[in-house]
Every structure is written in C-alpha cells, then in structure tokens.
Peer 1: 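Right, I'll just put the structure down here and ask away after.
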2 protein chains.
Amino acid sequence: MVTIGEAARRSGVGIELIRYYERTGVVAGPERSQSGRRQYQSVEIHALRFIRRCRDLGFSLAEAKSLLGLASSERLACADAQSLGQHHLENIRTKISDLQQMETAMVQLMRPCDAGKQECSMLDTLLEGPESEWPPQDK
Amino acid sequence: MVTIGEAARRSGVGIELIRYYERTGVVAGPERSQSGRRQYQSVEIHALRFIRRCRDLGFSLAEAKSLLGLASSERLACADAQSLGQHHLENIRTKISDLQQMETAMVQLMRPCDAGKQECSMLDTLLEGPESEWPPQDK
DNA sequence: CTTGCAATCTGTAGGCGCTACAGAAGCAAG
DNA sequence: CTTGCTTCTGTAGCGCCTACAGATTGCAAG
C-alpha cells in the first residue's frame, strides 16, 4: 500500500505516465484512499514494471497490454506470448535493416562532399537526384 | 503549372500531406488559380520531392526544412549541410545500436521458451526478471 | 445546357505515446 | 497555522501524419 510516487520509484514508470496508463486502460486503476489517492500493492507495481520492460523492448502499448493479460491469465499462455514475441522480433529486424539502408544511403550521399566545391553534391543529389519518378511501378 | 494531384504523383508526396506541409510551413504555398486551386511549378515539385527524400532518409521535418533552405540559398551551404548530415548519421547509428540491443534481449527472452513447460519463462522474466530497481543509480 | 462525377478546397478530429502544465485539494512537519 | 510537498483532475501540446465532412470547382458525356 504505497503512494503513486513510491510506485513510480519502484516500477521505473513516471507518475504522469502511470496515470496515463490507467486512463487508457493499459493497467487497471488501484484502490483509492478515502481522500481519493491511489494506493498501490505489489501486484500493481509489478504490472507497471512489466509494461515498462515491454516498452523498453520496443513493444507497443497494445502489445504490452496483451502480454500483461497473458501473464496474468490462469491458462498456459506460452504459445501466445511466443507468437507475439516472434512477430515483434521480426519488426525489430525489419527496422534494423531499414536503418542500415538509410545509413548506407547517408554515407553515399555525403561522401563526395568533403572537398569544398562550387556546388554541394549532397544538396544537389537531394534536389535532382536519380530515379525521380513515382510511384514505383514495380512490386 | 499542374494541379495538386499531378504534383503529388510527380513528387511522391500524397495530396493531404502536401497540404499539411504547406500548412505547417515546411514548404511555401504555390500560386492559386482564380478559383483558389493550387498551381504547382517544377521548382515546387522539386521541393516536395526533396522533402520526401529527406524523410525517407529519416530526417525530421525540421531538418528537412533546414536542408531545403540550404539547398535554395544563394551562398555556399555545403558545410552546414554536412554538419546536419553528420549529426543525422550519428542518430541513425544510435538507433541501429539500440535496436540491436533490443534484438539481443528479445532473443534472450524467448530462447528457453521452446519447450512447453509449466510456466512461461518469457512472461515470468518480464514479470519478475532481474535488476528490478530503479532508477539506475549510475551515470 | 445539363447532368454527373472526379478533383479540389477548408477545417477538424483522430492516432501513438508521451510530457507538461494549471488549479485545487490533501498531508506532514515546524 | 502556515509552509511546502505530493497528489488530484483535466486539458493541451509535441511530431507526423491520415482521414473524413461538407462545400466548391472542373470537365466530359449525353
């Protein structure tokens, strides 16, 4: 039975964010004192920490909420969790690959620019660059 | 002198998004016909394509706008563009590194789960897992 | 010329995941 | 009692779109 400030400290989720999670139904609201203040028990603090860990791993709030539901359910939810996790892992790998392509393109874009020429090839490439047509007709 | 629809097709920026960019000052608004319709010239279409390329490379709208300003300016802006680009490249690399850490953590999290046990170690780890305290007192 | 549909116009609201603030109320110590 | 911290609710803002409503236009076929 601790205050929201203490729950924030113990879960690693900021006070405003805790209230936001409650408001949007990511976690259930805790009991209230007579004066209306939130009173957290350890199960609720664990839930908050659970959500934070999911967010740190890049899960969306909706996914985090689903996972929390699975973790709190009676039945064996391992397969469901696996499936969500695999899906998410694929998303992460897609993002990494996209960013690596960006990185390559950026390096390419900036490479010939180190000599102070008349015109900036970086800006010129962005302005006039290759393959201007759209939408891509393949695929 | 083409319509917004044609400008969208040629720049690869959707109609609604073009209007959004105009509204928020990312690009200047084009001339209007007597009846109030936007009329795009090639310089404006180039600007839109420029912004799209920047966005594809992960630049923020603010950065894209700055770069467009540099590209449109009289003076030699290569150094400024380089600096923005380097900064952005670092951001990309940081994001890649963060995502790679996420990936490792996800793989770790899901690894022992492939045998159908009594409890799901993935969910258990998220619930009870190691190093629960917060905030991190280092740094 | 009229009908009808497509394109465009403005304005507004929603989505995600927060973050920040205002103004009121409670609580604990000096 | 007063000071000062915490908490409360509600609301608005961020970045970057996306989508829709409802009102005009533009253009082509009948």
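We name chains A, B, ... by the order of the sequence lines, and we start the count at 1 in each one.
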Peer 1: Side chains of B:Arg38 and B:Glu44, heavy atoms from C-beta outward: is any pair under 4.5 Å?
Peer 2: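 Not in contact.
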Peer 1: Round to a whole Å and report the spacing from CZ of B:Arg38 to P of C:dT8.
Peer 2: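 Going from B:Arg38 (CZ) to C:dT8 (P), I get 10 Å.
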Peer 1: How long is the gap from CZ on A:Arg32 to CZ on A:Arg37, to the nearest 0.5 Å?
Peer 2: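 Going from the CZ atom of A:Arg32 to the CZ atom of A:Arg37 covers 11.0 Å.
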Peer 1: Are A:Val107 and A:Leu99 linked, directly or through other ILVMFWY residues, by side chains that come within less than 4.5 angstrom of each other?
Peer 2: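 Linked within one cluster.
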Peer 1: Write down the distance between CG (A:Leu17) and P (C:dT19), rounded to a whole number of angstrom.
Peer 2: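 Rounding to the nearest Å, CG of A:Leu17 and P of C:dT19 are 6 Å apart.
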Peer 1: Measure from the side chain of A:Arg23, starting at C-beta and using heavy atoms only, and say which of D:dT9, C:dT19, C:dC9 lies closest.
Peer 2: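 Nucleotide nearest to A:Arg23's side chain: C:dT19.
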Peer 1: Among C:dG26, C:dG11, D:dT25, which nucleotide has an atom closest to any side-chain atom of B:Arg37?
Peer 2: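 From the listed options, D:dT25 comes nearest.
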Peer 1: Rounding to a whole Å, what distance do you find between A:Lys65:NZ and C:dG17:C1'?
Peer 2: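 It is 15 Å, rounded to the nearest whole Å.
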Peer 1: Output yes when at least one side-chain N/O atom of B:Thr3 is less than 4.0 Å from OP1 or OP2 of C:dT8, else no.
Peer 2: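 B:Thr3 to C:dT8 OP1/OP2: side-chain N or O found under 4.0 Å.
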Peer 1: What integer distance in Å separates A:Glu6:CD from D:dT7:C1'?
Peer 2: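 Distance, rounded to whole Å: 14 Å.
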Peer 1: Report the distance from atom CD1 of B:Ile18 to atom C1' of C:dT10, rounded to the nearest whole Å.
Peer 2: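 So the CD1-C1' distance, B:Ile18 to C:dT10, works out to 16 Å.
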Peer 1: Is B:Ser35 close enough to D:dT24 that one of its side-chain N or O atoms is under 4.0 Å from OP1 or OP2 there?
Peer 2: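 Answer no for this pair, as no side-chain N or O of B:Ser35 is under 4.0 Å from OP1 or OP2.
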Peer 1: With rounding to the nearest 0.5 Å, note down the distance linking NZ in B:Lys65 to CG in B:Leu61.
Peer 2: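 Between atom NZ of B:Lys65 and atom CG of B:Leu61 there are 10.0 Å.
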Peer 1: Write down the distance between CZ (B:Arg55) and C1' (D:dC16), rounded to a whole number of angstrom.
Peer 2: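 Value for this atom pair: 6 Å.
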Peer 1: What integer distance in Å separates A:Ile15:CD1 from D:dT9:P?
Peer 2: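 Rounded to whole Å, this separation is 13 Å.
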Peer 1: Which nucleotide sits closest to the side chain of B:Glu16: D:dC17, D:dC8, C:dG11?
Peer 2: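 So the side chain of B:Glu16 is nearest to C:dG11.
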Peer 1: Please tell me if the side chains of B:Leu84 and B:Glu63 come closer than 4.5 Å, counting only heavy atoms from C-beta onward.
Peer 2: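 Sidechains of B:Glu63 and B:Leu84: in contact.
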Peer 1: Rounded to the Å, how far apart are B:Ile4 CD1 and C:dA6 C1'?
Peer 2: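 It is 15 Å, rounded to the nearest whole Å.
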Peer 1: Give a yes/no answer on whether the side chain of A:Arg32 brings an N or O atom under 4.0 Å of OP1 or OP2 in C:dG26.
Peer 2: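 A:Arg32 to C:dG26 OP1/OP2: no side-chain N or O under 4.0 Å.
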Peer 1: Need to verify one output field. Residue with the more 5' nearest nucleotide on DNA chain D, B:Ser60 or B:Gln34?
Peer 2: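 The residue mapped nearer the 5' terminus is B:Ser60.
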Peer 1: Is there a side-chain contact between A:Arg19 and the phosphate of D:dT9, meaning an N or O under 4.0 Å from OP1 or OP2?
Peer 2: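 Checking A:Arg19 against D:dT9: no side-chain N or O falls below 4.0 Å of OP1 or OP2.
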Peer 1: Can a side chain N or O of B:Tyr21 be found less than 4.0 Å away from OP1 or OP2 on D:dC17?
Peer 2: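 Yes.
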